[in-house]
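Heads up: the structure comes next, in structure tokens.
In what follows, every chain begins at residue 1, and chains take the letters A, B, ... in the order their sequences are listed. The analysis underlying the following values was restricted to heavy atoms, covering all of them including side chains, and did not include hydrogens, waters or symmetry mates. What you are looking at is a predicted structure, and each value in this text was computed from that prediction instead of being measured.
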Protein chains: 2
Amino acid sequence: MNRMTQRTEGERVIIIDGVAMSMDNCPVRDVLDHIGGKWNSLMILALADGPMRFSQLRRFIPDISQRMLTQTLRDLQRDGYLIRTVYPTQPPSVEYALTELGQSLLVPLRTLVQWSQDNHPAIRRARSAFDGQGRD
Amino acid sequence: MNRMTQRTEGERVIIIDGVAMSMDNCPVRDVLDHIGGKWNSLMILALADGPMRFSQLRRFIPDISQRMLTQTLRDLQRDGYLIRTVYPTQPPSVEYALTELGQSLLVPLRTLVQWSQDNHPAIRRARSAFDGQGRD
DNA sequence: CGGCATCCTGTTTGATACTG
DNA sequence: CAGTATCAAACAGGATGCCG
């Protein structure tokens with residue numbers, strides 16, 4: 001599947017699962033960096049069941065700051081994961097909803113969520129074993 | 001990556017896909033924070049085909065610093081994703097290999113990689129569309 | 001309500017140098 | 001070869017105040 005990095009002159013390439021990927025523009029890194037952000041994937045999952053308003057999301061993720069909420073939403077919108085709809089009510093309300101792209105990300109994301117739940121105990125076990133043995 | 005356990009709040013709970021999860025000890029965040037790290041998931045994928053030595057990994061991921069390589073490997077070892085084996089040769093060689101846990105993570109990870117590759121064009125398109133429209 | 005701008009902090013990362 | 005140590009830069013993130 002994957003093997004060795006090739007360092008052709010000037011052009012750096014990494015090979016993952018047999019597919020060469022330039023490091024300047026690696027799809028995997030690009031996506032992973034985003035879903036790995038502290039709030040991004042949580043936000044996608046939050047919107048899984050349907051659109052939410054700004055203040056709803058704030059309540060839904062209690063420990064996010066307004067700043068990070070705004071920023072995360074803008075980032076996700078920029079990448080096409082969700083759409084922002086402003087309703088010109090008084091006071092104004094803004095609704096965020098997953099796009100088709102966002103919905104499709106939900107699939108691999110849920111796989112990962114499932115895996116996390118299944119294996120979290122094992123990780124915690126490994127962690128305390130590691131911490132325990134080195135110490136004394 | 002090295003998350004100091006911070007326990008400030010009492011009993012806050014977030015609901016993902018209908019499942020309530022404590023925020024102090026959320027499996028999803030715990031795992032996502034790791035696979036989302038800049039190097040972690042790349043490292044797991046690098047070891048997918050078999051064990052590698054320290055310097056091999058360095059070459060495999062050309063733009064990682066020695067410091068980050070060491071640290072990432074220690075973190076992943078701590079969480080039970082890989083094992084570290086020292087061969088008392090001269091000079092010493094150290095081999096890193098995925099554990100069963102690490103191998104199992106490979107499955108959802110590959111799903112994500114696949115998704116990334118499939119949808120990267122769409123993301124790039126959305127991104128430039130977003131950047132273009134706000135402009136002037 | 002739904003933001004944005006500013007300031008300020010701790011954490012993450014990279015460069016560099018040194019060791020067994 | 002496979003690390004450790006140290007320093008400085010970069011960045012993420014929180015707190016606060018202001019605005020349409």
Fill in the blank from the handout: B:R53 meets the salt bridge (Lys or Arg N to Asp or Glu O under 4.0 Å) criterion, sequence neighbours left out, with none
Completion exercise
Hits for salt bridge (Lys or Arg N to Asp or Glu O under 4.0 Å) against B:R127, two or more places apart or cross-chain, chain-then-number order -> A:D30, A:D79
Expressed as a whole number of angstroms, how long is the span from [X]:[atom1] to [N]:[atom2]?
{"X": "A:D75", "N": "C:dG3", "atom1": "CG", "atom2": "C1'", "result": "15 Å"}
{"X": "B:Q77", "N": "D:dG3", "atom1": "CD", "atom2": "P", "result": "9 Å"}
{"X": "B:E95", "N": "D:dC1", "atom1": "CD", "atom2": "P", "result": "16 Å"}
{"X": "B:M43", "N": "C:dT13", "atom1": "CE", "atom2": "P", "result": "12 Å"}
{"X": "A:Q71", "N": "D:dA15", "atom1": "CD", "atom2": "C1'", "result": "15 Å"}
{"X": "A:L69", "N": "D:dG13", "atom1": "CG", "atom2": "P", "result": "13 Å"}
{"X": "B:Q90", "N": "D:dC1", "atom1": "CD", "atom2": "P", "result": "12 Å"}

Handout entry: Cationic N near anionic O, under 4.0 Å, A:K38 to B:D33
Key = no
Handout entry: Salt-bridge present (B:R29, A:D63; N to O < 4.0 Å)
Key = yes
Problem - Test side chain to side chain contact (heavy atoms under 4.5 Å, CB included) applied to B:P92 - qualifying residues, sequence neighbours left out - result: B:Q90
Handout entry: Residues in contact with DNA chain C, drawn from residues 52-59 of chain A - heavy-atom cutoff 4.0 Å
Key = A:R53, A:F54, A:S55
Handout entry: Flag for A:D118-A:Q114: side-chain donor and acceptor within less than 3.5 Å
Key = yes
Exercise for the section: If a protein heavy atom is under 4.0 Å from the base, mark B; if only from the sugar-phosphate, S; if neither, -; do that for nucleotides 14-20 of chain C going 5' to 3'. Expected result: BB-B--B
Handout entry: Polar side-chain atom of A:S93 near backbone of A:T89 as donor-acceptor pair, under 3.5 Å
Key = no
Practice task
Provide the closest heavy-atom pair for B:T99 versus B:G80 in the form atom of the first, atom of the second, distance.
Solution key: OG1-O, 2.5 Å
Handout entry: Under the side-chain hydrogen bond (donor to acceptor under 3.5 Å, both in side chains) test, residues paired with B:W115 that sit two or more places apart
Key = A:S104
Problem - Touch class at under 4.0 angstrom, heavy-atom based, for B:Y96 against every strand present - result: sugar-phosphate
